[in-house]
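Beneath this line is the structure, given in structure tokens, with notes to follow.
Within every chain, numbering begins at 1; the chains are lettered A, B, ... in the order of the sequence lines, protein sequences first and strands thereafter.
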Amino acid sequence: MTGQVRGEWPLYEVFVRGKRGLNHVHVGSLHAPDDQLALRHARDVYTRRNEGVSIWVVRSSAITASSPDEKDPLFAPSGDKVYRHPTFYDIPADVPHM
Amino acid sequence: MPAVAEPELEPGAEAQLETQLEAQFEATIGRKDRIEPRDWMPEAYRRTLVRQVAQHAHSEIIGMQPEGAWIGRAPSLRRKAILLAKVQDEAGHGLYLYSAAETLGVSRQELTEMLISGRQKYSSIFNYPTLSYADMGTIGWLVDGAAICNQVPLCRTSFGPYGRAMIRICKEESFHQRQGYELLMTMMRGTDEQRAMVQESVDRFWWPSLMMFGPPDDESPNTARSMAWGVKTHTNDELRQRFVDMTVPQAKALGVTLPDPGLVWNEERGAHDFGQPDWDEFWEVVKGNGPCNAQRVAHRKKAWDDGAWVREAALAFAAGDCRDTSGDTSGDTSGETSNETRTV
Ligand SMILES: [Fe+2]
Ligand SMILES: [Fe+2]
């Protein structure tokens, strides 16, 4: 984990909405001195070919993340609830539109 | 960061935990799943990746120079716009890759300093000069072509951020190669003098392009480990072969001769036999003794030094030193107090 180097522009994470109807998706990061320049840099770095209709930038330090470890107990509550999935239920094949 | 101190581990327990983490890491690699920045990873894996991704990023950034030198001398507005867009893409590639390297816990500043001080390398190809406008075509065709051969398999590399950067880059490389090939085709339809320029350029760039895949497999001691980790998926010689096989028909269609008398189709192997580049020359260039090494690094250093006041001024402006700060409460943009943690 990197502490910010003195004199270095802060790090921003960049999210781009590819087109109307889609979510913003994380595309990478960049350094910028402030929010406005982060947006401009994001446009130049991540949307040179119309890859987006909208950009979000957020300071990396503002993000709170779970541990990505798949053994993370955070995700345990959903691990054993197979009944949340449609395939849990046996329906005869000849019942239509299910 | 946990708010509570980690409980003290009993002696021996730490080693056991490490073995367990290592087994989890190996299992992830074994499933061909990706390793993500906050996963535990062996120190050697992290170091290998930092070296490789940084070297790759530096190559994109230094790679702007040989082509950038010709923007002002482009023969038409069309060619100038294309070349500008291409060089701008290479800057973007460098930034995608620096951003991937930073997820491994190195700062952008450290990376730049390691490039400028010569502690980290970049691709040896960019230490050769660009002597004519035909080189703009040859670089797109051969150099970006070789880069594509290297980069397509890297889209599936085991470290998530590196693979994702490669996917973005590969999408853009096809334009680079095609514009170069089209430029050469245009020149080949021109005068005898223009055709001679193309051949002369191809003669100069052919062998350095083959060197882009790195030394032969038996002189590349780290390849086996990189492949076991899923960082690399093909050996240097495999990729070099693939490149030669792809390029031969393109050269034929263009009407140029690749300067290798040993280049012949081998029916039995279903592949071309070809000569070896001058590996002594390769190692000399890697050591810093190529035709343009000093010039390339000096140019980068000058750009970095000359830009210092801009970086400082932008930070000062963001901190509100020179504007009305009413409504601005962020206050910590000078960077001294924030503790940035990469999460994604
Ligand atoms: Fe590139
Ligand atoms: Fe390129």
Side-chain angles (χ1 to χ4, degrees), chain A residues 1-19 23-52 55-75, chain B residues 1 21 24 27-28 33 35-40 85 88-89 91-100 102-110 112 160-161 164-165 168 171-172 175 308 310-320 328 330 332-344:
Chain A
M1 306 293 112
T2 45
Q4 190 181 328
V5 175
R6 213 195 132 111
E8 189 169 79
W9 287 353
L11 195 61
Y12 284 81
E13 301 301 331
V14 181
F15 301 79
V16 172
R17 185 199 295 288
K19 56 180 182 182
N23 288 320
H24 284 78
V25 173
H26 181 250
V27 293
S29 66
L30 50 76
H31 289 272
D34 60 33
D35 298 355
Q36 283 312 311
L37 278 168
L39 268 180
R40 284 180 178 255
H41 290 177
R43 181 200 60 185
D44 293 345
V45 177
Y46 292 105
T47 63
R48 285 192 301 285
R49 290 180 177 78
N50 298 317
E51 290 95 337
I55 301 174
W56 289 346
V57 290
V58 59
R59 288 279 292 265
S60 306
S61 56
I63 292 180
T64 306
S66 69
S67 154
D69 191 328
E70 62 194 303
K71 302 265 179 342
D72 194 322
L74 184 70
F75 300 107
Chain B
M1 283 291 166
L21 288 168
Q24 269 176 35
T28 306
D33 250 354
I35 302 297
E36 294 294 345
R38 285 163 22 110
D39 286 336
W40 182 92
Q88 190 189 15
D89 273 355
H93 297 178
L95 295 176
Y96 305 155
L97 287 161
Y98 280 133
S99 133
E102 284 173 275
T103 67
L104 291 158
V106 276
S107 74
R108 180 75 58 93
Q109 204 152 307
E110 280 174 81
T112 304
R164 293 192 284 274
R168 302 191 75 80
K171 276 188 194 157
E172 300 179 349
F175 145 60
V310 178
R311 296 191 295 276
E312 286 159 20
L315 269 183
F317 182 79
D328 183 347
S330 65
D332 68 339
T333 38
S334 71
E336 285 170 54
T337 50
S338 73
N339 179 17
E340 306 234 337
T341 301
R342 287 311 305 272
T343 49
V344 267

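Annotation: A/Trp56, atom CH2; neighbour count of heavy atoms from other residues, nucleotides and ligands within 6.0 Å does not exceed 12. Counting non-hydrogen atoms of neighbouring residues, nucleotides and ligands closer than 6.0 angstrom, the CZ atom of A/Arg49 exceeds 12 such neighbours.
Heavy-atom minimum distance, A/Trp9 versus B/Val310: CZ2-O, 4.3 Å. B/Ala318 and A/Pro33 make their closest contact through CB-O, 3.2 Å (heavy atoms, listed as atom of the first residue, atom of the second, distance).
The backbone N or O of A/Leu30 lies less than 3.5 Å from no partner atom in the side chain of B/Tyr98, so there is not a single donor-acceptor pair. In this structure, B/Arg38 contributes its side chain and A/Ser66 its backbone to a donor-acceptor pair below 3.5 Å.
Neither the backbone nor the side chain of A/Gln36 has a heavy atom closer than 4.5 Å to any heavy atom of chain B.
Here the OG atom belonging to A/Ser60 is positioned 9.0 Å from the CD atom belonging to B/Glu102, to the nearest 0.5 angstrom. B/Ser99 OG to A/Tyr46 OH: the interatomic distance, rounded to the nearest 0.5 Å, is 4.0 Å.
Looking at A/Pro10 and B/Leu315, their side chains come closer than 4.5 Å, going by heavy atoms from C-beta outward.
With chain A as partner, the option from B/Glu312, B/Lys171, B/Arg168 having the largest number of non-hydrogen pairs under 4.5 angstrom is B/Arg168.
With respect to the salt-bridge test (charged N to carboxylate O, under 4.0 angstrom), the residues A/Glu8 and B/Arg311 do not qualify.
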Applying side-chain contact (heavy atoms from CB on, under 4.5 Å) to B/Tyr96 and A/Val45, what does each step give before you reach the verdict?
CA-CA 8 Å; B/Tyr96 305 155; A/Val45 177; 3.7 Å; yes

